[in-house]
Amino acid sequence: EAYGASANAALEKYDYRTIDGLVVYLDGPGGQRLPQPLRALPAIEVVVTDAGFAEPVYAAGQGQTVRIVNRTGSPVTVTAADDYTGESVTLGIAPAGGTTEWTATGEGSWALYPGALPSEGRLFVAPSAWAAVVRAGGEAVFGNLPPGEIAVRGWHEAIPAAAVSAAVPAGEYASVSLVFSVDALTK
C-alpha cells in the first residue's frame, strides 16, 4: 500500500495489490520493433454501454483492429486524445446496437471519450502487435512470437513503467515476471 497526493492535495490510499488496467506489451530489444505476426490478430472490442465504457483500460497493438461495440440505444461517437501530443481523432460513430472499426496507430496512451456519456476510458497502443490488459497478479499469454530476445514492458497511467528482457527459443515457451514498482507515483 502507498499514499499519493491528488491534484486537490488530499491524500489518497492506494492498494496496488488489486490495481486494474496494467498494460503488458512486447517490444524488441533496445526499443527495436518486432516483426508483425504472420497471422492477423483478432480485433479488440471497446464496449460502450449507457454508463460509458465497459472497461476502464483497453490495449491494442500497432495495426490491430479496434472494434467499437455500441450497446446503447443511440449512436455514439468515440473520440480519442493522445496523452502526449493532445491530438484528437474520431475513432468512429457506432450506430445504436451496432459497431464501427478503427485501425490502431499512434503508439502510446490515448484518453477515450464516448460522446456525451459520463465516463472516460483509456486505450494504450503498443509499438508491436502484442498487448494485453491485466490486473495486479494477473498474467498475459502471447503466442506466435518470433524467436530471440524480447522486451516485456508494462504501463499504467498512475505508476512508473516496468520492463524485463526474455529470450524466446524457437518453438518453445518463455515465462517472465514483470514487476511494477510504486516507489514514485507518476500522477
State the [atom1]-[atom2] distance between [X] and [Y], to the nearest 0.5 angstrom.
X      : Y      : atom1 : atom2 : value
Glu107 : Asp27  : CD    : CG    : 7.5 Å
His156 : Leu22  : NE2   : CG    : 5.5 Å
Tyr113 : Leu91  : OH    : CG    : 12.0 Å
Leu178 : Tyr25  : CG    : OH    : 10.0 Å
Trp102 : Leu123 : CH2   : CG    : 6.0 Å
Gln64  : Ser128 : CD    : OG    : 9.5 Å

- Should Thr105 and Val89 be marked as a side-chain contact (heavy atoms from CB on, under 4.5 Å) after you check the CA-CA gap, both sets of side-chain angles, and the distance that decides it? CA-CA 11 Å; Thr105 59; Val89 296; over 6 Å; no
Tell me the closest heavy-atom pair linking [X] and [Y], and the distance in Å.
X      : Y      : answer
Val66  : Ala104 : CG2-CB, 4.2 Å
Ser119 : Gly52  : OG-CA, 3.1 Å
Val179 : Ala162 : O-CB, 3.4 Å
Ser109 : Arg122 : OG-CD, 3.0 Å
Ile93  : Pro75  : CG2-CB, 4.5 Å
Val23  : Val133 : CG2-CG2, 4.3 Å

- When Phe124 is tested against each of Trp110, Tyr58, Trp155 for ring-ring contact (aromatic ring centres under 6.0 Å, His included), which residue passes?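 Among Trp110, Tyr58, Trp155, the one meeting ring-ring contact (aromatic ring centres under 6.0 Å, His included) with Phe124 is Trp155.
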Heavy-atom distance under 4.5 Å between the side chains of [X] and [Y], does that happen here?
X      : Y      : value
Val47  : Phe53  : no
Val78  : Asn70  : no
Val134 : Glu139 : no

- Message: Has Thr49 got a side-chain atom pairing as donor or acceptor with Ala54's backbone, closer than 3.5 angstrom?
- Response: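 No, the answer is negative, given that no donor and acceptor are paired below the 3.5 Å cut-off.
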- Return yes if some donor-acceptor pair links the side-chain N/O of Trp130 with the main-chain N/O of Val141 below 3.5 Å, else return no.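 No: the side chain of Trp130 does not pair with the backbone of Val141.
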Consider only side-chain heavy atoms of I, L, V, M, F, W and Y, link residues closer than 4.5 Å, and tell whether [X] and [Y] are in one cluster.
X      : Y      : result
Val57  : Ile44  : no
Val152 : Leu145 : yes
Tyr84  : Val125 : no

- Take Thr99 and Glu101, measure what side-chain contact (heavy atoms from CB on, under 4.5 Å) needs, and give me the verdict at the end. CA-CA 7 Å; Thr99 65; Glu101 293 184 348; 5.5 Å; no
